[in-house]
2 protein chains.
Amino acid sequence: MRSHTIPRPAVQRISLYLRHLELLAERNVATVSSGELAEALMITAAQVRKDLAYLGQFGRPGVGYRVGPLGDALRHILGTDRTWSVIVVGAGDLGRALLRYKGFTRKGFMVVGAFDISAAKIGKQFGPARVQHLDEMPDVVARFNVRLAALAVPPEAAQEVTDRLCAAGIRGILNFAPTMLQVPPGVAVHPVDLAASMEQLAFRITARR
Amino acid sequence: MRSHTIPRPAVQRISLYLRHLELLAERNVATVSSGELAEALMITAAQVRKDLAYLGQFGRPGVGYRVGPLGDALRHILGTDRTWSVIVVGAGDLGRALLRYKGFTRKGFMVVGAFDISAAKIGKQFGPARVQHLDEMPDVVARFNVRLAALAVPPEAAQEVTDRLCAAGIRGILNFAPTMLQVPPGVAVHPVDLAASMEQLAFRITARR
DNA sequence: TTTTGTGAATAGCTTCACAGCA
DNA sequence: TGCTGTGAAGCTATTCACAAAA
């Protein structure tokens with residue numbers, strides 16, 4: 001029975017299981033045990049079994065998990081068994097790096113548009129996309145049925161741009177601006193604060209001595 | 001009494017409290033209540049009080065928290081009341097964006113070196129740093145007493161580079177490679193997997209309907 | 001024998017609720 | 001009255017430990 005309450009931390013680990021399964025698949029490994037997955041992810045074997053059991057019955061006692069089918073199942077659960085169109089908003093240094101980031105493509109995220117408001121940037125080609133004015137964004141979102149956006153604009157502009165993204169139909173925002181975004185229900189925000197992450201490291205190596 | 005077990009999630013929130021306190025300081029706000037901080041961070045007021053109480057007695061009943069002193073205290077706890085030297089390893093798109101990222105500077109992280117192994121990139125100037133060969137890295141780490149590194153190399157190279165970073169004296173690694181890094185005790189790793197983050201968004205907007 | 005799936009136990013984190021201070 | 005600090009309660013997540021399957 002599929003209880004529809006997969007713990008948040010477990011969902012985050014699904015991406016990591018999948019990452020490792022893809023590595024194993026490349027190496028033509030057919031099966032993997034919870035212990036092996038645990039070692040690769042630096043967690044306990046019990047954790048692995050519990051997580052995977054939330055999603056269904058994928059393992060075979062005495063054998064382990066079949067790499068291919070488990071990978072397929074995890075992709076299906078994450079929703080990445082299809083291609084997602086993504087736009088990048090903000091064509092500063094970070095935005096441009098995101099436009100060219102191969103990791104997205106490899107996972108089936110296809111950048112179909114880049115937006116900014118600076119005349120100096122509009123028209124320039126970065127990676128797969130030519131920068132357009134933000135005013136064109138709703139059009140592109142509608143035409144390509146875009147649901148995901150990476151937001152890399154200055155923090156002062158983040159909320160206003162977010163409102164426009166949500167109005168245009170965006171449902172998930174990868175937020176690189178160091179701000180909390182207000183979004184309507186049904187829209188998900190995943191914050192990525194690079195400076196805050198660096199601070200966490202500073203804390204951890206300061207505290208430990 | 002300072003119990004030296006601040007919960008991990010609480011430590012992560014410290015960065016967010018600080019972020020908001022800095023905003024308030026800019027606006028010359030003198031005091032802030034747990035309720036106001038809670039609203040800004042989209043958490044409960046009880047959570048805010050509990051978190052801050054782990055760190056000391058900063059609030060005054062009936063008044064709230066004084067913005068300046070609390071900010072100073074949080075910076076001290078995080079270890080960011082001083083400047084940290086940082087190196088960036090890997091001068092691909094992401095590495096170059098990190099080199100120019102203003103958010104680090106604003107928080108007192110100073111990029112003092114950039115490294116790669118590709119002859120095509122060595123010698124080039126990106127933001128504050130000229131790219132050097134990775135072989136020069138231990139020298140720079142020693143000379144500037146660098147403890148923090150941002151790692152933006154291909155996943156195949158990540159572990160080997162990490163070993164060299166740790167040997168050189170790096171104690172904290174912001175890891176942009178989609179790999180689990182093996183590090184000796186005393187070295188902290190903070191993973192940033194952009195593709196995995198995007199997957200989490202895909203999941204959340206897929207699951208919700 | 002190996003390894004899963006899972007109830008039970010434990011640990012960790014958040015929220016409640018209220019005494020006490022300004 | 002307004003707001004903090006905090007024990008107690010409640011909830012969530014992880015680990016244990018073992019029966020059952022291959």
Side-chain angles (χ1 to χ4, degrees), chain A residues 1-17 20-21 24 29-71 73-74 77 200 203-204 207, chain B residues 1-17 20-21 24 29-71 73-74 77 200 203-204 207:
Chain A
M1 211 266 293
R2 185 86 69 276
S3 110
H4 238 206
T5 23
I6 308 167
R8 267 271 201 131
V11 176
Q12 303 200 170
R13 285 189 295 268
I14 295 177
S15 288
L16 305 184
Y17 295 131
H20 191 67
L21 287 168
L24 294 175
V29 176
T31 65
V32 64
S33 69
S34 59
E36 288 161 346
L37 278 172
E39 200 194 348
L41 271 74
M42 298 174 174
I43 56 179
T44 68
Q47 182 77 82
V48 173
R49 293 198 298 277
K50 193 62 116 186
D51 285 350
L52 297 181
Y54 286 125
L55 314 173
Q57 306 261 105
F58 295 111
R60 295 250 287 285
V63 178
Y65 302 88
R66 294 205 296 146
V67 170
L70 180 56
L74 297 191
I77 287 157
Q200 293 295 309
F203 171 81
R204 284 163 62 189
Chain B
M1 207 267 294
R2 186 86 68 278
S3 111
H4 239 205
T5 21
I6 308 168
R8 266 273 199 130
V11 176
Q12 305 203 164
R13 284 188 296 267
I14 295 178
S15 287
L16 306 184
Y17 294 131
H20 191 67
L21 287 168
L24 294 176
V29 176
T31 65
V32 63
S33 69
S34 60
E36 287 162 348
L37 278 172
E39 199 194 350
L41 271 73
M42 297 174 175
I43 56 179
T44 67
Q47 181 78 82
V48 173
R49 293 198 298 277
K50 194 62 120 184
D51 286 349
L52 297 181
Y54 286 126
L55 313 172
Q57 305 260 103
F58 294 111
R60 296 249 287 286
V63 179
Y65 302 87
R66 294 205 296 145
V67 170
L70 181 57
L74 297 191
I77 286 157
Q200 293 294 310
F203 170 81
R204 285 162 62 189

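Chain naming here is simple, since letters A, B, ... match the order of the sequence lines and numbering starts at 1 in each.
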A.B. asks: Could you tell me whether the phosphate oxygens of C:dT3, OP1 or OP2, come under 4.0 Å of any side-chain nitrogen or oxygen in A:Ser34?
C.D. replies: no
A.B. asks: Ignoring hydrogens, what is the shortest heavy-atom contact between B:Thr44 and B:Ala38? Give both atom names and the distance.
C.D. replies: C-CB, 3.5 Å
A.B. asks: Rounded to whole Å, how long is the line connecting atom CD of B:Gln12 with atom P of C:dT14?
C.D. replies: 10 Å
A.B. asks: Expressed as a whole number of angstroms, how long is the span from B:Arg8:CZ to C:dT14:C1'?
C.D. replies: 18 Å
A.B. asks: Roughly how many Å is it from CZ in B:Phe58 to P in C:dA22, rounded to a whole number?
C.D. replies: 17 Å
A.B. asks: Does D:dT14 have its OP1 or OP2 closer than 4.0 Å to a side-chain nitrogen or oxygen of A:Arg13?
C.D. replies: yes
A.B. asks: Calculate the interatomic distance between B:Gln57 atom CD and D:dT6 atom P; express it in whole Å.
C.D. replies: 5 Å
A.B. asks: According to a strict under-4.0 Å criterion, is B:Tyr65 in side-chain N/O contact with OP1 or OP2 of D:dG5?
C.D. replies: yes
A.B. asks: Might you point out which heavy atoms bring A:Ser34 and A:Tyr65 nearest each other, and give the distance in Å?
C.D. replies: N-CE1, 4.0 Å
A.B. asks: Round to a whole Å and report the spacing from CD1 of A:Ile43 to C1' of C:dA11.
C.D. replies: 17 Å
A.B. asks: Can you measure A:Leu52 atom CG to D:dA13 atom P for me and round it to whole angstrom units?
C.D. replies: 16 Å
A.B. asks: What is the separation between atom CD on B:Gln47 and atom P on D:dT4, rounded to the nearest whole Å?
C.D. replies: 14 Å
A.B. asks: Select one nucleotide: of D:dG5, D:dA22, D:dG2, the one nearest the side-chain heavy atoms of A:Pro61.
C.D. replies: D:dA22
A.B. asks: If you measure from CE on A:Met42 to CG on A:Leu16, what distance do you get to the nearest 0.5 Å?
C.D. replies: 11.5 Å
A.B. asks: Give the rounded distance in Å between these two atoms: CZ of B:Arg66 and P of D:dT4.
C.D. replies: 14 Å
A.B. asks: Heavy atoms only, 4.0 Å cut-off, all strands: where does B:Arg49 land among base, sugar-phosphate and nothing?
C.D. replies: base
A.B. asks: Please name the pair of heavy atoms, one in A:Val48 and one in A:Tyr17, separated by the smallest distance, quoted to 0.1 Å.
C.D. replies: CA-OH, 3.4 Å
A.B. asks: Under 4.0 Å between any heavy atoms, over every strand shown, what does A:Gly62 touch: base, sugar-phosphate, or nothing? Just pick one.
C.D. replies: base
A.B. asks: How about CD on B:Glu36, more than 12 heavy atoms from neighbouring residues, nucleotides or ligands closer than 6.0 Å, or not?
C.D. replies: yes
A.B. asks: When the nearest nucleotide of DNA chain D is assigned to B:Arg60 and to A:Pro7 on a heavy-atom basis, which residue is associated with the more 5' position?
C.D. replies: B:Arg60
A.B. asks: Nearest-nucleotide wise, let me know which of A:Val63 and A:Lys50 is further upstream toward the 5' end of DNA chain C.
C.D. replies: A:Val63
A.B. asks: Can a side chain N or O of B:Thr44 be found less than 4.0 Å away from OP1 or OP2 on C:dT14?
C.D. replies: no
